[in-house]
Each structure stands twice: as structure tokens, then as C-alpha cells.
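These notes are about the structure you will find just below.
Counting from 1, the numbers follow the sequence of the chain as shown. Values in this document were obtained by computation on a predicted structure and should not be read as measured data.
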Amino acid sequence: MKPERREIATTIANDPTSYKLCAVCGAIIAKDAASCPDCYAYRFDEDPAHVEDAALDLATKPRMAVSHFDLMPESEEEAE
């Protein structure tokens with residue numbers, strides 16, 4: 001099952017120091033990532049306040065992009 005946007009946003013907002021923002025596409029990613037999995041950039045904004053704001057936006061704004069979760073099959077049957 002794919003995680004819900006609000007669920008993900010709450011997790012990020014509760015611990016913004018474990019995440020960072022991609023300075024190119026705005027994706028929220030794990031702090032230990034070397035590059036953005038969405039756009040492959042390597043410039044980041046690590047300010048916890050900015051990460052928390054982005055997480056709150058994630059929870060309230062409509063989805064505007066395709067993530068790697070969208071490209072994964074929901075079940076093994078769909079993969080075949």
C-alpha cells in the first residue's frame with residue numbers, strides 16, 4: 001500500500017532535522033541522501049524550518065508531480 005501524503009507530511013514535520021529539501025525541484029528527501037532521487041540534483045536546503053514548511057505544504061496542496069512511488073506496481077500481479 002502506498003503511504004498517504006498527510007501521513008508522510010506528519011512524519012516529516014515531526015522530525016524535520018532528519019530531512020532536507022532539494023534546492024532544484026523542492027522534493028523532501030532523507031538527510032543522508034547524496035542526490036535527489038527525483039531530479040538528481042545535489043544542492044539542498046537543510047534548514048529544519050524550511051523542511052517543516054514544505055511538509056505542511058505537502059499535506060495541504062494538491063499533488064503536482066509524479067514520484068517514484070507512482071511508478072511502482074501496487075501488487076506483484078500488476079508487475080507481471
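Distance alone, capped at 3.5 Å, is enough to place a donor-acceptor pair between the Lys20 side chain and the Lys31 backbone.
The shortest heavy-atom contact between Glu52 and Pro16 is N-CB, 4.2 Å. Closest of all the heavy-atom pairs between Tyr42 and Ala34 is CB-O, 3.9 Å. Contact record, Ala55 with Ile12: CB-CG2, 3.6 Å, taken as the closest heavy-atom pair.
Atom NE2 of residue His50 and atom CG of residue Leu21 lie 8.5 Å apart, to the nearest 0.5 angstrom. Remark: Leu58 CG to Glu7 CD distance equals 11.5 Å, nearest 0.5 Å. To the nearest 0.5 Å, atom CD1 of residue Ile28 and atom OG1 of residue Thr11 are 11.0 Å apart.
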key: Working for side-chain contact (heavy atoms from CB on, under 4.5 Å), residues Val51 and Phe44   = CA-CA 11 Å; Val51 172; Phe44 304 102; over 6 Å; no
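Thr10 pairs by the side-chain contact (heavy atoms from CB on, under 4.5 Å) definition with Arg6, Asn14, not counting sequence neighbours. For Ala27, the side-chain contact (heavy atoms from CB on, under 4.5 Å) partners at least two apart in sequence or on another chain are Cys22, Cys25, Ile29, Cys36, Asp38. Qualifying side chain to side chain donor-acceptor pair (under 3.5 Å) partners for Asp15, counting only residues two or more places apart in sequence or in other chains: Thr17, Ser18.
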